[in-house]
A.B. asks: 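Please read through the structure below; I'll follow up with questions.
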Protein chains: 2
Amino acid sequence: MRLVIARCSVDYDGRLTAHLPSALRLLIVKADGSVLVHSDGGSYKPLNWMSPPCRLTEHPAAGDEPGKWTVTNKAGETLTITITETVSDTSVDLGIDPGLVKDGVEAHLQELLAEQLHLLGDGWRLIRREYPTPIGPVDIMCRDDSGAHVAIEMKRHAGIDAVEQLTRYLELLNRDPLLSPVQGVLAAQTIKLQARTLAEDRGIRCVVLDYDAMRGIVREGTLF
Amino acid sequence: MRLVIARCSVDYDGRLTAHLPSALRLLIVKADGSVLVHSDGGSYKPLNWMSPPCRLTEHPAAGDEPGKWTVTNKAGETLTITITETVSDTSVDLGIDPGLVKDGVEAHLQELLAEQLHLLGDGWRLIRREYPTPIGPVDIMCRDDSGAHVAIEMKRHAGIDAVEQLTRYLELLNRDPLLSPVQGVLAAQTIKLQARTLAEDRGIRCVVLDYDAMRGIVREGTLF
DNA sequence: ACATTTATCTCGCTC
DNA sequence: GAGCGAGGTAAATGT
């Protein structure tokens with residue numbers, strides 16, 4: 001890894017064109033050739049960058065000409081860094097990183113709701129999770145207290161797409177005289193207002209789920 | 001900005017929990033207090049990080065105890081960095097960055113088309129950009145030469161979902177007797193064949209935009 | 001290999 | 001501040 005503190009301007013020309021006026025910045029060149037241009041703020045995202053695989057060509061300063069780096073990738077995108085002043089330029093070998101270990105993934109939510117259908121109504125019974133249809137599985141298929149079928153679409157964050165998806169399932173399921181009528185429920189931790197509006201316009205019930213509470217109920221249930 | 005090369009392990013506890021085994025890494029502390037942990041590969045995304053606003057507390061090594069950084073934000077998320085060996089530790093003042101200038105994104109395209117509605121037809125008049133509806137804003141709402149309403153959906157690259165999106169708007173807008181009839185126009189730099197087919201099947205006009213030409217016209221307009 | 005879904009998304013904008 | 005859409009989305013997962 002090479003770290004350069006330099007006054008530079010940056011131009012990217014690829015999927016869009018972007019320009020950075022001259023300023024003091026941190027340039028990171030990683031072992032795979034990728035280049036990151038960071039300022040002293042913002043967030044983890046660089047001001048500009050080139051992802052690997054790519055190639056860095058360095059044109060040293062010569063006379064009045066400032067130094068220039070050009071980074072290109074296979075798609076022909078280019079990042080051009082014009083360096084007018086170099087404050088520092090150091091390299092270090094970090095070796096290969098063992099990598100990140102993540103915990104706490106959430107396909108879990110569906111499992112929890114299947115166990116806690118009473119959150120939707122007393123007397124609701126599970127038919128099955130991942131109920132198969134020709135256009136894909138319905139997340140949860142169940143019956144309400146009157147025995148009528150209900151298809152549940154689950155999302156962590158429900159947008160318009162979730163409503164469209166559930167609508168397609170309902171349209172198909174309701175063609176089957178053995179199932180019809182099938183009601184729809186959209187269940188998610190958050191539901192965008194537009195999605196809610198569209199869903200309710202189509203007679204689909206919206207339910208906001210409290211993941212922590214649902215997890216808590218399970219904890220108590222398994223503890224005693 | 002502070003740059004530290006150190007052997008460290010990292011633990012994040014917040015929206016998820018994650019752990020990084022000990023290895024040599026680059027730690028970046030930005031002026032706003034945010035912290036980035038980078039390895040010598042991967043991509044522009046750090047292995048782990050804490051976004052601003054947040055607070056870094058440093059606990060120096062003492063005896064057998066390794067050094068430890070704890071970074072916390074308002075939401076109670078914590079990033080803990082345990083440092084067993086520091087290779088280098090330097091600081092530099094970069095000043096405030098002038099920021100990125102982007103070109104060629106949808107917003108720019110929308111702006112250009114709003115100024116050049118004549119590209120769609122003589123006598124067309126703008127009502128407003130980002131015309132609000134309960135299910136989201138219509139990119140451009142205007143009237144054609146006969147005074148009839150036209151809703152324009154803009155994309156850089158239009159696919160099926162752009163057609164679906166516009167269809168939803170049109171369905172809703174045409175319920176309003178003050179607006180109806182509302183025609184639809186899908187305008188994009190490129191339109192996928194399936195999108196074009198679906199759009200035309202639904203009576204939606206497709207228009208391919210020449211970004212460079214539109215930009216050029218504006219340049220000429222402002223030059224003379 | 002490609003398509004789909006997720007993200008500690010980030011970023012910018014509007015209300 | 002909340003909400004929403006776009007992104008050079010990037011990254012992970014399923015097919």
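Protein chains get the first letters and strands the later ones, always in sequence-line order, with residue 1 at the start of each. Only this structure's heavy atoms are used, side chains among them; waters, hydrogens and symmetry mates stay out. In this text, all values refer to a predicted model and were calculated from it rather than measured experimentally.
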A.B. asks: Would you please name every residue forming a side-chain contact (heavy atoms from CB on, under 4.5 Å) with A:Thr190, sequence neighbours left out?
C.D. replies: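 For A:Thr190 the side-chain contact (heavy atoms from CB on, under 4.5 Å) partners, ignoring immediate neighbours, are A:His157.
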A.B. asks: So, B:His19 versus B:Tyr12, ring centres under 6.0 angstrom or not?
C.D. replies: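 Centroid separation for B:His19 and B:Tyr12: 6.0 Å or greater.
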A.B. asks: Who are the salt bridge (Lys or Arg N to Asp or Glu O under 4.0 Å) partners of A:Arg128, not counting sequence neighbours?
C.D. replies: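 Result, salt bridge (Lys or Arg N to Asp or Glu O under 4.0 Å) vs A:Arg128: none returned.
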A.B. asks: So A:Tyr12, base contact, sugar-phosphate only, or nothing? Heavy-atom distance under 4.0 Å.
C.D. replies: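 The residue A:Tyr12 makes base contact.
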A.B. asks: Distances for protein N/O vs nucleotides 2-5 of chain D N/O pairs under 3.5 angstrom?
C.D. replies:
from, atom 1, to, atom 2, distance (Å)
D:dC4, OP1, A:Leu193, N, 2.5
D:dC4, O5', A:Gln194, OE1, 3.4
D:dC4, O3', A:Gln194, OE1, 3.3
D:dC4, O3', A:Gln194, NE2, 3.3
D:dG5, OP1, A:Gln194, OE1, 3.2
D:dG5, OP1, A:Gln194, NE2, 3.3

A.B. asks: Does A:Arg15 place a side-chain N or O at less than 4.0 Å from the phosphate oxygens OP1/OP2 of D:dA6?
C.D. replies: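 For D:dA6, neither OP1 nor OP2 has a side-chain N or O of A:Arg15 closer than 4.0 Å.
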A.B. asks: Considering residues at least two apart in sequence or located in another chain, which fulfil the salt bridge (Lys or Arg N to Asp or Glu O under 4.0 Å) criterion with B:Glu130?
C.D. replies: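 None.
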A.B. asks: Using a heavy-atom cut-off of under 4.0 Å over every strand shown, decide if B:Met50 touches base, sugar-phosphate, or nothing.
C.D. replies: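 It contacts nothing in the nucleic acid.
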A.B. asks: Taking CG from B:Leu100 and C1' from C:dC11, how many angstroms apart are they, rounded to a whole number?
C.D. replies: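 Going from CG in B:Leu100 over to C1' in C:dC11 covers 11 Å.
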A.B. asks: Quick one: B:Gln189 CD to D:dA6 C1', roughly how many Å, whole number?
C.D. replies: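 Going from CD in B:Gln189 over to C1' in D:dA6 covers 14 Å.
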A.B. asks: Pair up each side-chain donor or acceptor in residues 40-47 of chain A with any protein partner under 3.5 Å, not counting sequence neighbours, and list the distances.
C.D. replies:
from, atom 1, to, atom 2, distance (Å)
A:Asp40, OD1, B:Ala31, N, 2.5
A:Asp40, OD2, B:Met1, N, 2.9
A:Ser43, OG, A:Lys45, N, 3.3

A.B. asks: Can you list the residues that meet the side-chain contact (heavy atoms from CB on, under 4.5 Å) rule with B:Arg125, with sequence neighbours excluded?
C.D. replies: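 For B:Arg125, the residues satisfying side-chain contact (heavy atoms from CB on, under 4.5 Å) (neighbours in sequence not counted) are B:Arg143.
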A.B. asks: Starting from C1' on C:dT10, measure out to NZ on B:Lys45 and report it in whole angstrom.
C.D. replies: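 Computing the B:Lys45:NZ to C:dT10:C1' distance gives 10 Å.
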A.B. asks: All N/O contacts under 3.5 Å from nucleotides 12-15 of chain C to the protein, with atom names and distances to one decimal?
C.D. replies:
from, atom 1, to, atom 2, distance (Å)
C:dC15, OP1, B:Arg128, NH2, 3.4

A.B. asks: We want to know whether B:Lys155 and B:Gln165 form a side-chain donor-acceptor pair, criterion being a heavy-atom distance below 3.5 angstrom.
C.D. replies: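 Per modelled atom types, B:Lys155 and B:Gln165 side chains form a pair under 3.5 Å.
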A.B. asks: Residues in salt bridge (Lys or Arg N to Asp or Glu O under 4.0 Å) with B:Lys30, at least two apart?
C.D. replies: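 Testing B:Lys30 for salt bridge (Lys or Arg N to Asp or Glu O under 4.0 Å), a comparison that skips the adjacent residues, returns none.
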A.B. asks: Please name all residues satisfying salt bridge (Lys or Arg N to Asp or Glu O under 4.0 Å) with A:Asp176, sequence neighbours left out, ordered by chain then number.
C.D. replies: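 With sequence neighbours excluded, A:Asp176 shows a salt bridge (Lys or Arg N to Asp or Glu O under 4.0 Å) to no residue whatsoever.
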A.B. asks: Check the distance between D:dA6's P and B:His157's NE2 and give it to me in whole angstrom.
C.D. replies: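 Rounding to the nearest Å, NE2 of B:His157 and P of D:dA6 are 13 Å apart.
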A.B. asks: CH2 of A:Trp49 versus C1' of D:dA10: gap in Å, rounded?
C.D. replies: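 From A:Trp49 CH2 to D:dA10 C1': 9 Å.
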A.B. asks: Rounded to whole angstrom units, what separation is found between the NZ atom of A:Lys30 and the C1' atom of D:dA10?
C.D. replies: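 Between C1' of D:dA10 and NZ of A:Lys30: 13 Å.
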A.B. asks: Roughly, in whole Å, what's the span from CG in A:Leu47 to C1' in C:dT10?
C.D. replies: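 Going from CG in A:Leu47 over to C1' in C:dT10 covers 13 Å.
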A.B. asks: Quickly work out the A:Asp161 CG to C:dA3 P distance and round it to whole Å.
C.D. replies: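 About 18 Å, once rounded to whole Å.
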